[in-house]
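A short write-up of the structure that comes next.
First the proteins, then the strands, lettered A, B, ... as listed; each starts at 1.
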2 protein chains.
Amino acid sequence: MVEFRVDRASGLPAYLQLGRQVREALRLGWLQPGDRLPTVRDVVATSGVNANTVLKAYRELELAGLVEARQGSGTYVKSSLGSAAPEALDDLRAKFAAWVREARSAGLEDEDIDALVRAVLSGGSDDGAG
Amino acid sequence: MVEFRVDRASGLPAYLQLGRQVREALRLGWLQPGDRLPTVRDVVATSGVNANTVLKAYRELELAGLVEARQGSGTYVKSSLGSAAPEALDDLRAKFAAWVREARSAGLEDEDIDALVRAVLSGGSDDGAG
DNA sequence: TCTATTGTTCTAGTTCACTAGAACAATCTG
DNA sequence: CAGATTGTTCTAGTGAACTAGAACAATAGA
């Protein structure tokens with residue numbers, strides 16, 4: 001079962017946060033075809049957002065072909081998104097977690113780590129000769 | 001000189017994107033006290049956002065004590081944010097870039113990498129025993 | 001002083017995210 | 001069939017983000 005976390009202070013619309021979390025869960029294998037998402041009313045009770053907002057998120061996922069809504073039953077995962085083997089993901093996650101630990105012990109705050117990661121991922125400069 | 005990139009499709013308000021980019025540049029040492037930010041009109045011409053939007057971003061940075069606006073002259077960096085040594089940052093960046101390359105060669109798409117990174121950074125589960 | 005540059009303020013309006021509440025429709029269970 | 005559960009639709013309204021355009025204020029430099 002996926003647990004949604006909606007951060008109202010992030011500035012990102014709630015329906016986008018919900019959609020992103022489902023997509024991430026799909027990529028990491030936490031959600032697989034056939035799994036049921038939390039009901040709209042569940043999410044309303046858990047996260048405090050309005051039913052229409054949840055519905056908007058679910059509808060976009062359905063338009064993308066990722067989930068399927070069955071009235072009276074629930075919303076189910078329709079197709080997967082992951083492109084990597086679970087073992088590879090585990091291995092990479094462990095290595096990245098180690099890197100994070102090293103960064104922390106080097107004195108970096110969480111925001112520093114975030115900035116660094118974001119710079120590499122969006123910038124794409126992976127050669128040290130720049 | 002910082003180059004702003006405003007992605008209107010990201011869902012994140014433009015003024016937040018601008019503010020975040022300045023903060024990240026401060027954390028990575030790309031901006032230092034005394035440096036001048038692009039003028040409001042520059043940003044307008046470059047990114048296409050409205051002057052009021054740019055001003056909103058700059059004003060929040062000024063409220064945070066990070067920059068100082070001097071009418072007729074420009075907006076200048078007032079204080080730093082980085083908590084780590086430049087060499088440590090370089091070293092960590094190289095290591096993380098290597099990890100990204102490894103992830104790509106393992107078949108992960110950029111979105112997979114993003115999901116994995118986000119999960120580790122926000123979840124904090126860095127032990128493989130979960 | 002004069003001129004260009006830059007930050008600043010103001011008004012007016014549009015679009016989108018979100019809320020609130022109610023009602024309807026399909027499915028499952030007994 | 002009856003009742004509970006779930007997704008769905010609808011109307012109305014609020015507030016934030018953003019746009020557009022104009023004008024003002026302070027600084028730097030000739």
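Among the nucleotides D:dG7, C:dA20, C:dT6, the one closest to any side-chain atom of A:Arg41 is D:dG7. Here the side chain of B:Leu55 is nearest to one of D:dA20, C:dT8, C:dA17, namely C:dT8. Distance from the side chain of B:Thr39 is smallest for C:dG7 among the nucleotides C:dA17, D:dA17, C:dG7. When each of C:dT8, C:dT19, C:dA25 is scored by its nearest atom to the side-chain atoms of A:Val49, the top-ranked nucleotide is C:dT19. Checking D:dT6, D:dA20, C:dC18 against the side-chain heavy atoms of A:Gln71 singles out D:dT6 as nearest. Closest to the B:Thr53 side chain, of the nucleotides D:dT6, D:dT19, D:dA26, is D:dT19.
When ring centroids are compared, B:Tyr15 and B:Tyr58 stay outside the 6.0 Å threshold.
Counting to the nearest Å, the C1' atom of C:dG7 and the CG atom of B:Leu63 are 15 Å from each other. Whole-Å rounding puts the A:Asn50 CG to D:dT9 C1' distance at 13 Å. As a whole-Å value, the separation of A:Glu60 CD from C:dC16 P is 13 Å. Rounded to a whole Å, the CG atom of A:Leu18 is 13 Å from the C1' atom of C:dA17. Put simply, CZ on A:Arg70 is 12 Å from C1' on D:dT6, counting in whole angstrom units. Between B:Lys56 atom NZ and C:dG7 atom P the separation is 19 Å, expressed in whole Å. Rounded to an integer number of Å, the gap from A:Leu16 CG to C:dA17 C1' is 10 Å. For the pair A:Glu68 CD and D:dG7 C1', the computed distance is 13 Å after rounding to whole Å.
In this structure, CG on A:Asp112 lies 10.0 Å from CG on B:Leu92, to the nearest 0.5 angstrom. Here the CZ atom belonging to A:Arg23 is positioned 6.0 Å from the CG atom belonging to A:Leu61, to the nearest 0.5 angstrom.
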Worked verdict on A:Gln17 versus A:Ser10 for side-chain hydrogen bond (donor to acceptor under 3.5 Å, both in side chains): CA-CA 9 Å; A:Gln17 292 185 45; A:Ser10 75; 3.1 Å; yes
Step-by-step salt bridge (charged side-chain N to carboxylate O under 4.0 Å, His left out) determination, B:Arg27 to A:Glu109: CA-CA 10 Å; B:Arg27 295 221 166 251; A:Glu109 302 168 3; 3.1 Å; yes
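Here B:Tyr15 reaches the OP1 or OP2 of D:dA17: one of its side-chain N or O atoms lies under 4.0 Å away. Contact annotation: B:Arg36 side-chain N/O to C:dG7 OP1/OP2 distance is not under 4.0 Å.
Evaluation of atom-type donor-acceptor distances gives a pair under 3.5 Å for the side chain of A:Asn52 against the base of C:dG21.
When the nearest nucleotides of DNA chain C are assigned to A:Ala51 and A:Gly72 by heavy-atom distance, the more 5′-ward of the two goes with A:Ala51. Along DNA chain D, the nucleotide nearest to A:Gly74 and the one nearest to A:Arg59 differ in position, and the one closer to the 5' end is contacted by A:Gly74.
At a threshold of 4.0 angstrom between heavy atoms, the contacts of A:Tyr58 with the nucleic acid are absent. The residue B:Ala14 sits close only to the backbone: its heavy atoms come under 4.0 Å of sugar-phosphate atoms, none of a base.
Residues B:Thr75 and B:Arg36 are not in side-chain contact: their nearest non-hydrogen atoms beyond the backbone lie 4.5 Å or more apart.
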